[in-house]
Amino acid sequence: MQNVPEEPNLTTATKPEQIIWTKRDLLDLENLSREEIELILDRAEDFVKDDPRHQEKRSDLKGIVVANLFFEPSTRTRTSFGLAAKRLSADTIDFTPSSSSLIKGESFIDTAKNIQAMGADVMVVRHAVPGAPHLLAEHLHCAIINAGDGAHEHPTQGLLDILTIRQRLGRVEGLTVGLVGDIAHSRVARSNIHGLLKLGAKVIVCGPPTLVPRSISRLGVEISYHLDDILPHCDVVNILRIQFERQRHGLFPSVHEYAMLFGMNGERLRRAKPDILLLAPGPINRGVEVTPEVADGPHSAILQQVTNGLAVRMAVLKLLCNRSESAQGAHG
Ligand code: NCD
């Protein structure tokens with residue numbers, strides 16, 4: 001199901017301010033250009049500076065309907081898409097699969113088509129099956145945003161991670177970013193890899209051999225199985241959760257051993273660069289991938305990432321909807 005529909009890349013200008021957003025959907029970072037990624041980041045930056053308490057409510061998406069369709073659990077992504085839509089004055093639909101007619105046998109595509117028939121202009125979709133949002137993009141005419149498809153991609157998470165790096169370190173180009181943990185099952189890893197490489201960072205993926213497929217090197221990343229070897233070289237470490245829900249059987253001997261070898265703790269941090277930046281998409285398992293002192297310490301940008309997530313999602317919604325308005329009827 002991972003057939004990415006062909007979208008013409010009409011983004012030809014070289015300066016971010018000259019770029020016009022032309023894509024109907026946001027399905028992955030793999031198929032975005034560097035300029036498109038930078039355009040989203042720049043727009044998001046404007047929203048970060050916005051304080052809604054000190055100004056009139058924005059009406060950018062007035063009359064637009066944004067539907068959240070989450071077929072997998074979510075805290076940050078779901079609520080921030082909902083809030084982003086409301087901040088821009090959109091109407092929102094929050095679809096809950098467990099209390100829907102899916103239980104009566106209605107198909108995924110039929111369910112989505114019915115929500116589209118209510119006037120949804122944008123559908124934010126999270127699903128356990130890789131390519132599920134791409135499938136909807138083929139069958140529906142509204143804009144589709146991938147909010148995480150299995151172990152494939154999670155583009156807005158990749159964008160908010162990169163925005164946080166840019167804010168904290170002033171650049172992305174030339175940095176060395178370590179992605180540590182369950183690379184095999186992490187959609188966040190794949191979106192980070194595509195986005196970071198396009199913006200000129202070096203990416204090292206690190207974890208136990210059973211959680212780091214060798215084939216990932218084809219994407220242009222280095223592989224390491226020893227966190228202590230790569231840590232002194234990293235400007236940023238993105239701490240990824242072990243995706244137990246996607247593993248069919250145990251892929252390492254014990255959680256305790258994982259924490260000893262790959263967990264980010266205070267002692268390990270002392271051997272890192274003094275200004276190392278630590279990210280984690282959340283949820284975090286305190287004491288497994290990261291200790292509480294590190295998660296809550298000065299190197300951690302975990303909550304700043306959440307704040308940036310709202311801004312990134314506002315930027316994405318606005319870009320897709322503006323595009324839809326200017327190209328009305330041009331897609332089917
Ligand atoms: C991530 C996800 O769902 O892929 N979380 C998120 O969106 N903030 C990462 C994870 O679940 O570990």
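Indexing begins at 1, ligand by ligand and atom by atom, following the structure's order.
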(message) Looking at ligand 1, is there an atom of it that comes within less than 4.0 Å of some heavy atom belonging to Pro281?
(response) yes
(message) Any atom of ligand 1 sitting under 4.0 Å from a heavy atom of Gln243?
(response) yes
(message) Using a 4.0 Å cut-off to any heavy atom of Thr77, which atoms of ligand 1 qualify?
(response) 6 (C), 7 (O)
(message) Under 4.0 Å from a heavy atom of Gln157: which atoms of ligand 1 are those, numbered in the order shown and with their elements?
(response)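 That gives atoms 6 (C), 7 (O), 8 (N) of ligand 1.
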[X] and [Y]: side chain donor to acceptor below 3.5 Å:
X: Thr164; Y: Gln305; result: no
X: Thr77; Y: Arg126; result: yes
X: Arg76; Y: Gln157; result: no

Options [options], ranked by nearest heavy atom to [atom], top entry:
atom: atom 7 (O) of ligand 1; options: Arg241, Glu72, His154; answer: His154
atom: atom 9 (C) of ligand 1; options: Ser74, Gly282, Pro283, Ser80; answer: Gly282
atom: atom 3 (O) of ligand 1; options: Arg187, Glu153, Arg76; answer: Arg187

(request) Report the distance from atom OG1 of Thr210 to atom CD1 of Ile183, rounding to the nearest 0.5 Å. (result) 11.5 Å
(message) Given the ring of Phe81, does Arg313 sit roughly above its face, with NZ or CZ under 6.0 Å from the centre of the six-membered ring and within 45° of the axis?
(response)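 The answer is yes, since Arg313 meets both limits relative to Phe81.
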(request) Check whether any N or O atom of Glu245, backbone or side chain, sits under 3.5 Å from an N or O atom of ligand 1, and answer yes or no. (result)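 No; the residue has no nitrogen or oxygen that sits under 3.5 Å from a nitrogen or oxygen of the ligand.
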(message) Given Glu173, which partner from the list Lys198, Arg34, Arg166, Lys202 fulfils the salt bridge (charged side-chain N to carboxylate O under 4.0 Å, His left out) test?
(response) Arg34
